Amino acid sequence: MTTPRHRPCTCAKGGLRRWWRRRRRRNMALSNTLNRYLLLLAQEHLEFRLPEIKSLLSLLGGRFSSHQEIHGKSPFWILSIPSEDIARNLMKRTVCAKSIFELWGHGKSPEELYNSLKSYPVEKMAPFLHSDTTYKIKIHTFNKTLTQEEKIKRIDALEFLPFEGKVNLKNPQHIFSILEDYGLDPNHIPEKPLNIYFGRWIADGQRELIESYSVKKRHFIGNTSMDAGLSFIMANHGKVKENDIVFDPFVGTGGLLIPSAHFGAYVCGTDIDYNTVHGLGKASRKNQKWRGPDENIKANLRQYGLEKYYLDVLIADASKPSWRKGLFFDAIITDPPYGIRESTRKTGSQKEIPKGIEKCPESHIPVSFNYHLSDMFVDLLNFAAETLVLGGRLVYWLPVYTPEYMEEIVPRHPCLKLISNCEQRLSSHTARRLITMEKVKDFE
Amino acid sequence: MKLLTHNLLSSHVRGVGPRGFPLRIQATEVRVSPVDFNPDFVTRMIPKMEWTALVEAAESLGHLSELPRELAEGYEKDEEFLRKVHHVLLEVEVVEGTLQCPESGRLFPISRGIPNMLLSDEEAAS
């Protein structure tokens with residue numbers, strides 16, 4: 001009778017372990033750097049995500065390339081990024097993405113995943129698995145809930161990976177994640193996952209900014225203050241960076257300046273409304289009678305510790321700018337008034353646009369709406385072409401009457417290239433589109 | 001209104017063209033507030049400035065602060081110089097006063113640090 005410890009191990013796991021040891025001993029030459037990352041995105045503002053990630057990668061020196069078709073609605077994107085540094089810097093800016101992982105393997109079944117993991121170069125795994133390290137493995141499932149037992153089974157199945165470090169659940173040096181994708185339809189959850197991914201967690205995105213900069217907590221707001229998430233997306237579409245000068249010609253209560261200041265840009269704006277800029281008159285917040293002395297744009301920046309980035313705000317008509325000739329602005333980020341909630345004005349013509357565009361008859365947009373809009377956007381694009389630095393971006397909201405929208409109505413300019421056009425529905429007949437343009441040619 | 005902004009502003013009264021710059025400052029209240037020094041930002045701004053106009057404006061407010069009347073070469077590495085520029089660009093603010101168009105004489109009021117550049121239809125350039 002042989003004693004158990006002398007009996008050679010013949011189990012499947014043992015076979016895999018021996019296979020791993022052989023690979024390590026073989027002293028392989030470094031294979032081609034794959035540098036593939038799995039980006040896990042939040043499921044909101046779906047159309048805005050790709051332009052945000054592309055703009056940020058372009059800002060950071062990467063180029064956008066993807067190993068699979070980017071399904072507009074999927075929260076999982078596999079990207080090629082030149083370095084981990086760039087991946088980390090991407091996450092320091094994005095509010096659309098939740099996390100990024102260095103992708104070690106993926107497949108449409110557990111077997112495919114394990115084969116994929118076996119093809120991942122051992123030398124690239126080694127630094128994170130050696131005996132001096134601590135780690136833990138997490139599992140996330142999307143559109144399905146697993147029992148604790150099921151989760152443990154899946155983590156245990158990865159025992160064949162050459163982990164030599166110690167497990168530390170509280171404060172590990174390295175966190176690995178299994179991500180299982182069960183599709184997007186909560187009414188049709190598949191039995192087996194559609195995709196399984198395994199990767200080393202690198203960093204989380206900036207989604208917490210949405211809560212910390214929430215309009216609910218802000219001291220000074222107006223009727224059209226922008227949702228914090230969208231305002232950060234705008235700054236990212238605008239490729240705002242440290243030491244830039246960012247300008248908002250329809251600044252209102254300054255909400256759009258805040259994300260740019262957060263990213264280290266110096267900010268300024270103009271508005272035609274004296275009361276809004278000075279923080280006078282009826283407050284927008286329910287239950288408040290009037291705006292206090294601390295309610296103004298500078299105070300908003302001060303609330304977040306960003307006062308040093310405040311340059312100036314002026315009372316001015318955006319269609320009659322008061323700047324001397326020159327290229328001063330790195331980005332122009334704005335939400336022009338469009339008569340849906342606040343009236344549109346030019347000095348000398350106090351026409352008030354009929355409010356509640358949703359009540360418009362089905363057959364046409366009122367003439368005055370069209371007239372005021374086209375003037376304003378032509379002025380805005382000309383202004384951007386004249387005052388943006390080369391490569392600088394204009395980011396603005398364009399209101400649309402959905403039944404009559406066509407891509408052709410998006411204003412164009414010979415000096416500005418259209419980068420992206422993202423829709424946000426407002427009601428059954430109305431929407432607004434976030435237009436991003438880049439100056440590619442000098443004016444005149 | 002900071003002097004950085006003043007350096008970019010011009011009157012657009014009809015007919016004045018480039019002679020609308022620089023606007024003459026008549027200040028009744030000036031405030032100096034500390035702002036964190038950022039040499040990279042200052043270095044980036046200097047090429048965008050009309051240097052003579054900046055010096056004149058600082059002088060008219062009594063805050064010239066030893067700013068040289070001409071830009072010297074290699075200023076990017078001169079921290080003392082950059083600090084002086086930083087002070088003049090960002091720390092000196094006109095709280096109350098007026099800006100005057102040098103060509104037409106038109107006055108633009110500054111109130112609570114905010115200039116009002118609005119012109120009526122008749123005054124504005126087309």
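The shown structure was predicted, so the numbers you read here are calculated from the model rather than taken from an experiment. Each chain gets a letter, A, B and so on, in the order the sequences are listed, and its residues count up from 1.
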Structural part of [X] lying under 4.5 Å from a heavy atom of chain B:
X	answer
K325(A)	neither
L327(A)	backbone
D271(A)	neither

When heavy-atom pairs shorter than 4.5 Å are enumerated against chain B, which of Y310(A), Y266(A), F328(A) gives the highest number?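 Top option by heavy-atom pairs under 4.5 Å: Y266(A).
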For the pair [X] (side chain) and [Y] (backbone), establish whether a donor and an acceptor sit closer than 3.5 Å, ignoring hydrogens and angles.
X	Y	result
K439(A)	A385(A)	yes
H12(B)	P321(A)	yes
D330(A)	I245(A)	yes

With heavy-atom distances below 4.5 Å as the criterion, would you say the side chains of S322(A) and L314(A) are in contact?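 Side chain of S322(A) against side chain of L314(A), heavy atoms only: no contact under 4.5 Å found.
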Does S55(A) reach the side chain of T436(A), with side-chain heavy atoms less than 4.5 Å apart?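 Not touching, per the 4.5 Å side-chain cut-off.
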Could you have a look at L23(B), L89(B), L9(B), I110(B) and say which one has the most heavy-atom pairs with chain A under 4.5 angstrom?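 Answer, by heavy-atom pair count under 4.5 Å with chain A: L9(B).
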Taking Y396(A) as the fixed residue, which of F377(A), F250(A), F383(A) is the one that meets the ring pair (Phe, Tyr, Trp, His ring centres under 6.0 Å) rule?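 The single option meeting the ring pair (Phe, Tyr, Trp, His ring centres under 6.0 Å) with Y396(A) is F377(A).
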Which of residues 29-50 of chain B have a heavy atom under 4.5 Å from any heavy atom of chain A?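 Residues in range: R31(B), V35(B), D36(B), N38(B), D40(B), F41(B), R44(B), M45(B), K48(B), M49(B), E50(B).
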Measure up the F81(B) and Y75(B) rings against each other and bin them: parallel (under 30°), tilted (30 to 60°), perpendicular (over 60°).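 It falls in the tilted class, 30° to 60°.
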Pick one of side chain, backbone, both or neither for S111(B), based on which atoms fall under 4.5 Å of a heavy atom in chain A.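 Both parts, backbone and side chain.
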Check each atom of I114(B) against the heavy atoms of chain A and say whether the ones under 4.5 Å are side chain, backbone, both or neither.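 Both the backbone and the side chain of I114(B) come within 4.5 Å of chain A.
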Tell me, with the steps shown, if L306(A) and H262(A) meet side chain to side chain contact (heavy atoms under 4.5 Å, CB included). CA-CA 7 Å; L306(A) 300 171; H262(A) 175 86; 4.2 Å; yes
Charged N to carboxylate O under 4.0 angstrom, R69(B) versus E59(B)?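 Yes, R69(B) and E59(B) are salt-bridged.
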